[in-house]
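Naming convention: chains lettered A, B, ... in sequence-line order (proteins, then strands); numbering from 1 in each chain. Nothing here was measured: the structure is a model prediction, and the numbers come from that model.
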Amino acid sequence: MSASTMTLQEKLHLDFGLFEQQLNGQSKSSVHQIRKAAMERFAVLGFPTIRHEEWKYTNIMPIVAHEFHALPTATHITATDVDSFRISGFSGSLVVVENGLFRADLSIIHPQEGVEVLSFADAIAKQHSALEHFSAHAKFDHEALLALNTAFARDGVVVQVARNVSAEQPIHVMYINDARAQNVMSNPRALVVVNESAQVTVIETFHTIGTERSWFNLGFEAVVAPNAVLSHDRLQDDKAQTTITTSTSVAQDRDSKYHSVCVALQGGLVRNNLSSALKGKGGHADFIGLYMPTGKTLIDNHTVVDHAVAHCTSNELYKGILDERGTGVFNGKIFVRKDAQKTQAYQSNRNILLSNTATINTKPQLEIFADDVKCSHGATSGQLDETSLFYLRARGIGKEKARALLLYAFAEEIVQQCANAALQAHIEHRVAELLHQEQELLTDSDND
Amino acid sequence: MLTINNLQASVEGKEILKGISLDIKAGEVHAIMGPNGSGKSTLASILAGREDYEITGGSVEFQGKDLLEMAPEERANEGVFLAFQYPVEIPGVSNTNFLRAAVNEKRKYQGLEPLESKDFLKMMRERMKIVEMDQAMVSRSVNEGFSGGEKKRNEIFQMAMLEPSLAVLDETDSGLDIDALKIVANGVNQLRSPERSFVVITHYQRLLDHIVPDYVHVLYKGRIVKSGGKELALELEEKGYDWVKELDVEEVA
């Protein structure tokens, strides 16, 4: 069979074989047994088509039709490349993951007692204790892309914060694909373990170098132990030839808090699967999201909040501003299990469509099996509020500027919930740029 | 300053204003009173340029220019200010930035450079006192989470910043307790000047104890059915709006 007639799925099988040949002693490791099982599962599931209920509005077949290299090396990017992607004003730790592989030489990790940041490959080599969680929460049985990520989880990052330790520095994980020479698919794996009463902030951004196709297929798995806090900011703002698919699986124990802010601005196709399982009483999850597709960009957020036990709360707010031929998909599932009494779960999805050719498909999906709960959901899509627009114009602000200001304000409700201030400022700047807004209006520096 | 001549307007084919004429000179305060649905707020919205209404007849001249031809932002920059009955909340935009944008748009319109930041802030601090705004309120997003009274105070504060020639106050007193009403009225009184005219639209006579008008007009079913001096407000208070309805019947008969 020649490469040109091979499907991507077939090629991935060959690549997986090559990957296994490189493993030497590690092929017997428990991590690799999971990878093998995942590959077998992926073989059964295949890439999801639009006939799959969860992929009805997001067609990845045109992307799958291309050839991708799934075992790229990571030796090409330089410190200068990394500098161009830095968040201005950010002073925390930096983890660089090139083509799915951890680049220790480009990463800057501020040491702190009780805060471990290491490569996923190192963790495997050292049989790190955090790996007991690998694939324990991120279940790939029905998730083809998570299965694929798990199978190709060569490397990535592991963060573990010890009991009672609050990580002083946020950790910025920068995923970079080098698509200068060939189409690249990376399968980075992130594993974050926040132990009892510990606290950490993780930021993720995605960047492609070069003009060939780039596919990030991320698997992010997190465990938030009792009374622990994980703040998770994610920015997806890459090129038109980029595909980003992410599978985020969070397991929350009692009194834990998971705060997710997911902002997707530009790119070809973005699909985020985000789920948190509230498994201990008193847990709280925030799912906050913003998407602003323009051009032909498609941004799809599928979220699941699983209230498994009583007395947990969740708050979900996703907002979209859709222009040109941009498409948004929002699917928000909330499960409230039989034992999850006194649950409070709120969900809202609000959209503004700026053109006749922009599309939003939104579907709230609440499945409630307990009887003493407070749950609400709502979805809106429409144009800018005329009354607000008139209010600004009546103050002398021209129509275009008034529109931009209102859209900025609409987005800002999300952006201001970022855990990290430097990232927040960066996103505010980008949102203003995309709305052709003057930055001067947005600075609050004079208010002191 | 403002000449309204036989203004007629409708919304979705329903006639709301049936020929209103008013002549307002510089420095005058005109109160427009009337029961619910008489067309008071429609008049205010039309003066500010809201596009939901169809002007079916008449004219409005403001400082010698055809007001109805202008976009809302043009009117504002020419010196028309509407204090909204229901001020809009704009999450994410601080009052400071909102006002800076508005003040500088007006300056641009007048061919002036934007205000230096420190001059703007100095001006803001001065004007805040007029309606007892504090720094915390000014730093917050425009009207977000403000009480009814705070929103109305913010409207008057914006007016103080934008220094209009004509201010239209659309039910600025509605829903205010007496303390909030006094702050708002006191703010308006400080802004009265021989060069500035006011149209004070209200349902209740009480406001006019605090902002004393030069003229009072009674609007009913889209027409001014009676005009007079400030004593008309008291008469109206005494006799109630039913009296106005009788006036209307007489006129029609």
Side-chain angles (χ1 to χ4, degrees), chain A residues 261 263 288 290 292 317 319 321 348 350 352 383-418 424-425 427-432 434-448, chain B residues 44-45 47-52 71-84 86-110 114 117-118 120-121 124 135-136 138-144 155 158-159 161-162 164 168 170:
Chain A
V261 178
V263 176
I288 315 290
L290 173 70
M292 293 177 61
L317 174 63
K319 284 180 151 187
I321 299 173
S348 172
R350 295 174 57 199
I352 295 179
Q383 321 295 316
L384 263 185
D385 177 35
E386 286 297 323
T387 308
S388 304
L389 198 58
F390 177 64
Y391 187 69
L392 293 174
R393 294 180 74 192
R395 295 292 175 263
I397 299 168
K399 199 173 181 177
E400 285 314 305
K401 200 174 210 170
R403 280 168 61 87
L405 200 58
L406 286 175
L407 290 172
Y408 179 81
F410 180 81
E412 175 63 11
E413 192 188 351
I414 300 298
V415 181
Q416 69 190 1
Q417 301 196 53
C418 282
Q424 179 182 327
I427 297 173
E428 284 169 348
H429 179 80
R430 285 288 297 136
V431 169
L434 291 170
L435 296 172
H436 312 292
Q437 176 59 284
E438 287 170 41
Q439 186 72 16
E440 57 171 277
L441 294 178
L442 315 174
T443 49
D444 266 340
S445 53
D446 294 329
N447 285 342
D448 317 326
Chain B
S45 295
L47 292 178
R50 182 133 203 179
E51 286 154 353
D52 306 354
E73 55 270 29
E74 233 178 314
R75 299 179 196 209
N77 291 327
E78 285 281 344
V80 177
F81 181 91
L82 171 65
F84 281 62
Y86 303 110
V88 176
E89 297 192 9
I90 313 176
V93 178
S94 75
N95 266 306
T96 310
N97 291 335
F98 173 59
L99 275 172
R100 193 202 313 274
V103 167
N104 285 333
E105 284 293 311
K106 184 166 185 178
R107 290 178 65 87
K108 194 161 112 190
Y109 188 83
Q110 294 168 331
S117 194
K118 76 170 166 28
F120 172 78
L121 293 172
M124 213 172 65
Q135 187 60 49
V138 173
S139 301
R140 274 156 69 188
S141 295
V142 179
N143 294 324
E144 192 185 26
E155 293 293 288
Q158 290 174 22
M159 179 165 88
M161 290 296 288
L162 293 169
V168 181
D170 187 7

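- Looking at B/S141, there are no atoms closer than 4.5 Å to chain A (heavy atoms on both sides), in backbone or side chain.
- For chain A, the nearby part of B/V142 is the side chain; its heavy atoms alone come within less than 4.5 Å.
- When every heavy atom of B/A76 is checked against every heavy atom of A/A394, the shortest pair comes out as CB-O, 3.3 Å.
- Among B/P87, B/P164, B/P72, the residue making the largest number of heavy-atom pairs under 4.5 Å with chain A is B/P72.
- Relative to the ring axis of B/F98, B/R100 does not place its NZ or CZ within 45° and under 6.0 Å from the centre.
- Contact of B/R50 with chain A is made through backbone and side chain together, with heavy-atom distances under 4.5 Å.
- Proximity to chain B is limited to the side chain of A/L406, based on heavy atoms less than 4.5 angstrom apart.
- For B/A83, the part lying under 4.5 angstrom from a heavy atom of chain A is the backbone only.
- Of all the heavy atoms in B/A48 and B/L82, the pair that sits closest is CB-CD2, 3.6 Å.
- Between A/R393 and B/E51, at least one side-chain N (NZ, or NE/NH1/NH2) sits under 4.0 Å from a carboxylate O, which counts as a salt bridge.
- Proximity of a side-chain donor or acceptor of B/E74 to a complementary backbone N or O of B/A71 within less than 3.5 Å is detected.
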